[in-house]
Structures are given as structure tokens and as C-alpha cells.
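Here, residue 1 is the first one in the sequence, and each next residue gets the next number. These numbers were taken from a predicted model, which means no experiment stands behind them.
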Amino acid sequence: MPEQVKQAVPAVLVTGPSGAGRTTAINVLEDLGFEAIDNLPLRLLPGLFDAAAAPRPMALGLDSRNRDFSPRALLDVIDMLAGRGELELTVLYLDAQPDVLLRRYSETRRRHPLAPAESPGEGVRRELDLMGPIRDRADILLDTSEMNVHQLKAEIERWFAPEGRALALSVQSFSYKRGMPHGIDMVFDCRFLANPYWEPALRRLSGEDRAVQDYVKTDPLYEPFFTRVLDLTRLLLPAYRHEGKSHLSIAFGCTGGQHRSVTMAETLAKALAEDGQQVSIRHRELQGQQKSERPG
């Protein structure tokens, strides 16, 4: 048997002058599944890769604010990483015109890191001169002067996720008696559906059990309700993805968070997974506690 060749792990080094969009780029790469590390001291980078037990794509943010930064030191790090056979290194340099960088600093009213006691214009000039050798070494050079945040996100995705960014979905159930969960994008109330709690044989079961699901689905309103929720979700997913949203959370609530909401969450998650969507599921009232007698 021939020895299997290990595939190189992607590593993106994101750099450029302050204000050109480096933080946005790092966040987009993180949403794409890269492990993002920002402004780690240069001397620690070799050990970072040596200690990696389970290699995964990495996005490293480095710029002139690094404690031990110098153009020569950063070029040495780039050469070191590029020479490692287990890594597929890409140097992404975000640039912008001096007047654009100056305007962005004027809008935020922040001090430039290279001219804390001087004008932002002096800091911009000084940093562009300092970063010149790094710019010349870049594999990908993006001028963000005429880009807004959404356009920059789309450009990063074009380079590093040519098949399009996956939108992560979470579907969960909850009890209204304990309050709505935080950070939910869409909430649906299931309390109008037939309640299995009042059936003694089903009371101690949950919506994860087939018998409970079958009971809820006998309600004449279940099918039109579920169909409309599924159609609405399918309608909105491309729009959210186009907007640049990386995560969509959907929640179903009922009285006790055990029967009806769990049934809806389970059924919707299954349908979306069959569509090829990336779906996670959480039942707040069922996790980390014993099932108790409570209206579902």
C-alpha cells in the first residue's frame, strides 16, 4: 500500500495598514471555519503550529501593532511558514488609499497606533512606508478603498470559499414558563397544537419520541403550520446568506418545552438537513435535567 500523502492545511496571514479592513477579513475567515488568531507576537508563531494537535485552517492577523513587529521579522515569519510542507500559506494584504485611511480614522476619532501623539495623517504615512515590503510579498492584494463592509466580505468569500459560505442553522425548543432564549432570529409559538401532556401514556415522553410526534401531527393545524414555517425558512435562507449572515437561529416554544416545541424543532431540523443545510438542534428544557411532569 502506498503511503497516503497528507493534504496541506490552509493558513491565511492577514495583514495591511490599520483601517484597511483587516479585522473584518479575520471575522469573515472565522465564519468560514478558520481558526482566527489576531495579533499574536511574532516569536510565538512557530510554537503555535508545533503545538497543533488537530490541524485546521488558520487565519492569522498581523500588523504594525504587534509587540515585536518589524518588516524583516514578519518577512522571516512568512518565509518560515511558507517552508513548512504541512501548511498551504496565503499572504492576504488589505490596502487602501492614504486619503481613505485618513478619512476612516477621522470618522472613528481614534488615535493612529504609529502616531499616538501626532496627527493621524502622519501615522498613515509612516505605516504605509513601513508595510511596503510586506505588500510586495503578498499573494493576494485587495484595495478596499471603494469597498463597503458587505463588498469586502463578498470578496474574501470569493477567494477563500469559492463555493459560497455555508449558513449555520440552529433550531431549538423552549418553555415559555422559563422565558424566551436569547439571540433568536425567529420564534414560533406552538401552544395552539394538541398537547400530549394530557395523554397519560405520553406525559413522561418528549417530542424526541415517535409516539409524541405522531400525536402532535394528528392536529389538523399541524401540517399547514409546519409547511408554512418550512417554506418561510427556505425563502429566507438565500436572502440571509446574500446579506452575509453566518448564523440563523430558529426557536419553537410551548408551555413546558417538552412535547410540541420539541416535535416542531425535530421535524424542521430533519427537513432542513435533508435539504443539505448545516443544522444543529438544542432542546433547552430537556438538556441537563431529568424529564419532569410539566405541560408540554
Side-chain angles (χ1 to χ4, degrees), residues 8-98 100-102 104-105 108 110-116 120 122-145 147 149 152-153 155-161:
V9 178
V12 182
L13 194 153
V14 186
T15 188
S18 304
R22 185 181 55 82
T23 300
T24 297
I26 287 287
N27 291 338
V28 175
L29 289 168
E30 187 172 24
D31 289 341
L32 292 175
F34 286 74
E35 180 180 0
I37 301 176
D38 199 10
N39 271 329
L40 186 73
L42 296 179
R43 67 182 183 277
L44 299 181
L45 278 177
L48 173 68
F49 289 96
D50 291 339
R56 54 178 291 195
M58 299 191 71
L60 308 172
L62 297 169
D63 65 13
S64 61
R65 292 175 296 174
N66 277 71
R67 183 183 305 173
D68 51 356
F69 176 86
S70 74
R72 183 66 263 167
L74 182 50
L75 288 172
D76 288 343
V77 166
I78 292 173
D79 291 338
M80 179 273 295
L81 295 178
R84 300 185 65 141
E86 74 273 20
L87 295 179
E88 181 184 348
L89 180 67
T90 301
V91 179
L92 171 62
Y93 189 97
L94 300 171
D95 203 6
Q97 296 299 313
V100 174
L101 295 172
L102 181 59
R104 290 172 181 173
Y105 265 97
T108 61
R110 294 173 53 208
R111 295 180 178 181
H112 195 284
L114 293 189
E122 178 60 26
V124 168
R125 183 198 63 77
R126 190 175 296 162
E127 186 171 32
L128 289 176
D129 289 342
L130 189 67
M131 298 295 290
I134 314 302
R135 186 182 190 276
D136 295 338
R137 177 63 175 78
D139 299 301
I140 300 175
L141 176 63
L142 294 183
D143 189 327
T144 67
S145 299
M147 293 184 187
V149 171
L152 177 55
K153 287 181 178 179
E155 189 67 13
I156 298 295
E157 291 174 5
R158 185 177 73 83
W159 280 101
F160 298 101

Item checked: Check against side chain to side chain contact (heavy atoms under 4.5 Å, CB included), T24 and T144 -> CA-CA 11 Å; T24 297; T144 67; over 6 Å; no
Checklist line | side chain to side chain contact (heavy atoms under 4.5 Å, CB included) evaluation trace for F160 with I140 | finding: CA-CA 11 Å; F160 298 101; I140 300 175; 3.8 Å; yes
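Every pair passing salt bridge (charged side-chain N to carboxylate O under 4.0 Å, His left out) that includes a residue from residues 14-28 is listed here, sequence neighbours excluded: R22-D38, R22-D63.
Proximity of a side-chain donor or acceptor of E155 to a complementary backbone N or O of L142 within less than 3.5 Å is not detected.
In terms of the side chain to side chain donor-acceptor pair (under 3.5 Å) criterion, T15 has no residue partners (sequence neighbours excluded). Scanning for side chain to side chain contact (heavy atoms under 4.5 Å, CB included) contacts around D79 gives R72, R137, with sequence neighbours left out.
Atom CZ of R126 sits about 9.5 Å away from atom CG of D129, to the nearest 0.5 Å. Atom CH2 of W159 sits about 9.5 Å away from atom CG of D139, to the nearest 0.5 Å.
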Side-chain atoms of residues 90-97: list all donor-acceptor pairs with protein atoms under 3.5 Å, sequence neighbours left out, distances to 0.1 Å.
from, atom 1, to, atom 2, distance (Å)
D95, OD2, R135, NE, 2.7
D95, OD2, R135, NH2, 3.3
Q97, NE2, D143, OD2, 3.4

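Looking at every heavy atom in both residues, I26 comes nearest to A36 through CG2-CB, 3.8 Å. Here the closest heavy-atom approach between residue L29 and residue A59 is recorded as CD1-CB, 3.7 Å. Here the shortest heavy-atom pairing between A20 and L101 reads N-CD2, 3.7 Å. Across all their heavy atoms, N39 and L62 have their closest contact at OD1-CA, 4.2 Å. Minimum heavy-atom separation, L128 to P98: CD1-CG, 3.6 Å. I37 and M58 make their closest contact through CD1-CE, 3.5 Å (heavy atoms, listed as atom of the first residue, atom of the second, distance).
Under the 4.5 Å side-chain criterion, counting only non-hydrogen atoms from C-beta, L130 is in contact with P71.
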